[in-house]
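Data first, discussion second: the structure below is written as structure tokens.
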Amino acid sequence: MARVAGRNRWIAVPVGILCAAVVGALVWLAAPMIPVSVAWVGDTLRDASARQAAALDREDGEVRRALAEGGVDCRAAYPDSLWSELTWRGGSLLDQSTDAPPTGADALIDALGPDVVVTCAWRSDAGAITTAFTRVGEDAAGLVDAALRGQGFTCVRADDALRCDRGSAAGEAGASEHHIVRDGMWIVTSADGAYPEQFDARLEKHIWGW
């Protein structure tokens with residue numbers, strides 16, 4: 001076997017033994033930490049599962065109750081994934097207020113007299129999206145249905161909810177307006193520009209937990 005020029009076996013062998021000894025010592029020193037590391041990983045996974053379960057519990061009632069009581073801000077009104085999507089858009093700005101629902105159906109606003117919990121107006125390079133979370137009377141669904149169908153909206157009743165849409169579909173750019181009436185709440189979204197996929201469905205799941 002050819003030898004590498006300049007290599008001295010009398011030096012290489014002791015150095016190799018020394019390196020092996022150092023590695024062995026490090027393994028011996030680290031051995032007591034292996035159970036601790038395993039326990040830490042397990043605790044981390046269990047904690048993540050607990051947080052996920054807590055989030056599901058929140059989605060299954062807490063947000064709905066807070067909306068009904070009027071104690072919700074924009075951060076709590078959106079699920080984490082949708083909040084992140086809106087926040088990370090280029091030039092994203094959020095204006096939180098109690099402005100009236102963003103709809104051109106002024107007569108409907110007068111008829112329902114909604115109690116606005118919070119209105120979240122997003123502006124970004126992708127366009128604008130404004131959502132108003134409001135409380136209304138139990139007869140609101142019938143009034144909204146009749147008023148919006150006459151203005152070219154497509155309305156569907158299902159799962160104890162009324163959903164009315166007009167304009168561009170979710171995921172497409174353009175102007176659109178979306179209404180959800182359920183359990184004494186009226187959620188109105190007006191979009192001009194890119195509209196996130198499953199926007200309304202994600203809001204409903206966050207609030208009603210389905």
Side-chain angles (χ1 to χ4, degrees), residues 51-86 94-122 129-171 176-191 195-210:
R51 286 198 301 271
Q52 184 178 15
L56 291 174
D57 289 343
R58 182 188 65 235
E59 291 175 357
D60 197 23
E62 183 177 326
V63 178
R64 182 175 67 249
R65 289 192 297 270
L67 275 171
E69 296 168 0
V72 167
D73 60 8
C74 288
R75 179 62 189 91
Y78 291 89
D80 292 343
S81 61
L82 190 54
W83 176 268
S84 298
E85 186 173 340
L86 294 170
L94 170 63
D95 178 26
Q96 178 174 302
S97 67
T98 54
D99 291 346
T103 177
D106 294 335
L108 183 56
I109 295 177
D110 294 337
L112 295 178
D115 178 15
V116 180
V117 178
V118 65
T119 297
C120 309
W122 297 87
I129 300 175
T130 301
T131 301
F133 300 84
T134 77
R135 297 178 292 186
V136 291
E138 293 299 328
D139 60 343
L143 294 172
V144 172
D145 194 353
L148 296 184
R149 284 182 188 272
Q151 296 188 24
F153 282 78
T154 298
C155 295
V156 177
R157 287 178 178 265
D159 304 320
D160 299 322
L162 171 71
R163 303 175 185 89
C164 296
D165 303 279
R166 183 178 66 181
S168 301
S176 62
E177 189 171 313
H178 312 265
H179 297 251
I180 301 169
V181 184
R182 184 173 178 179
D183 295 339
M185 280 178 266
W186 180 31
I187 301 174
V188 185
T189 299
S190 175
Y195 191 58
E197 290 280 359
Q198 299 291 315
F199 183 92
D200 301 290
R202 290 155 75 183
L203 280 183
E204 279 198 82
K205 182 177 180 180
H206 180 61
I207 294 170
W208 282 279
W210 59 266

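Keep in mind the model is a prediction, meaning the values are calculated, not measured. We're numbering straight along the sequence, starting at 1.
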Could I get the full list of ring pair (Phe, Tyr, Trp, His ring centres under 6.0 Å) partners for Trp122, not counting sequence neighbours?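 Once residues adjacent in sequence are excluded, the partners of Trp122 under the ring pair (Phe, Tyr, Trp, His ring centres under 6.0 Å) criterion are Tyr78, Trp83.
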
So which heavy atom on [X] is nearest to which on [Y], and how close?
X      : Y      : result
Pro102 : Ala132 : CD-CB, 3.7 Å
Val188 : Pro101 : CG2-CB, 3.8 Å
Pro114 : Ile109 : CD-O, 3.3 Å

Qualifying residues under side-chain contact (heavy atoms from CB on, under 4.5 Å), relative to Ala161, sequence neighbours excluded: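 Ala161: side-chain contact (heavy atoms from CB on, under 4.5 Å) contacts with Arg163, Arg182, Glu204.
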
Value rounded to 0.5 Å, distance of [atom1] in [X] from [atom2] in [Y]:
X      : Y      : atom1 : atom2 : answer
Leu82  : Glu197 : CG    : CD    : 12.0 Å
Gln151 : Glu177 : CD    : CD    : 8.0 Å
Leu148 : Cys155 : CG    : SG    : 5.0 Å

Can you tell me which residue pairs pass the ring-ring contact (aromatic ring centres under 6.0 Å, His included) test with a partner in residues 135-162, sequence neighbours excluded? Phe153-His179

Does any pair with a residue in residues 99-119 pass ring-ring contact (aromatic ring centres under 6.0 Å, His included), and if so which ones, sequence neighbours excluded? none

Residues Gln96, Arg75; criterion side-chain contact (heavy atoms from CB on, under 4.5 Å); working and verdict: CA-CA 10 Å; Gln96 178 174 302; Arg75 179 62 189 91; over 6 Å; no

Residues that [X] engages under side-chain hydrogen bond (donor to acceptor under 3.5 Å, both in side chains), provided they are two or more places apart:
X      : result
Thr119 : none
Thr134 : none
Ser97  : Asp99
Asp95  : none

With a 6.0 Å cut-off (strictly less than), is the heavy-atom count around CG of Asp110, excluding the residue itself, greater than 12?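 For Asp110, atom CG is crowded (more than 12 foreign heavy atoms under 6.0 Å).
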
Any Thr130 side-chain heavy atom under 4.5 Å of Cys120 side chain: no

Just by distance, do the side chain of His206 and the backbone of Ala76 share a donor-acceptor pair under 3.5 Å? yes

My understanding is that only one of Thr131, Asp165, Thr189 makes a side-chain hydrogen bond (donor to acceptor under 3.5 Å, both in side chains) with His178; could you say which? Asp165

Can Lys205 and Asp200 be said to form a salt bridge (Lys or Arg N to Asp or Glu O under 4.0 Å), step by step? CA-CA 9 Å; Lys205 182 177 180 180; Asp200 301 290; over 6 Å; no

Can you list everything that forms a salt bridge (charged side-chain N to carboxylate O under 4.0 Å, His left out) with Asp115? Sequence neighbours excluded, please.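 Listed in chain order: Arg135.
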
Residues which pass salt bridge (charged side-chain N to carboxylate O under 4.0 Å, His left out) with Asp145, listed by chain and number, not counting sequence neighbours: Arg149, Arg157

Candidate list Val116, Val72, Ile207, test side chain to side chain contact (heavy atoms under 4.5 Å, CB included), partner Phe133, passing option: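 The single option meeting the side chain to side chain contact (heavy atoms under 4.5 Å, CB included) with Phe133 is Ile207.
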
Set out, in order, the CA-CA distance, both residues' side-chain angles and the distance that settles side-chain contact (heavy atoms from CB on, under 4.5 Å) for Thr103 and Leu108, then state yes or no. CA-CA 9 Å; Thr103 177; Leu108 183 56; 5.7 Å; no

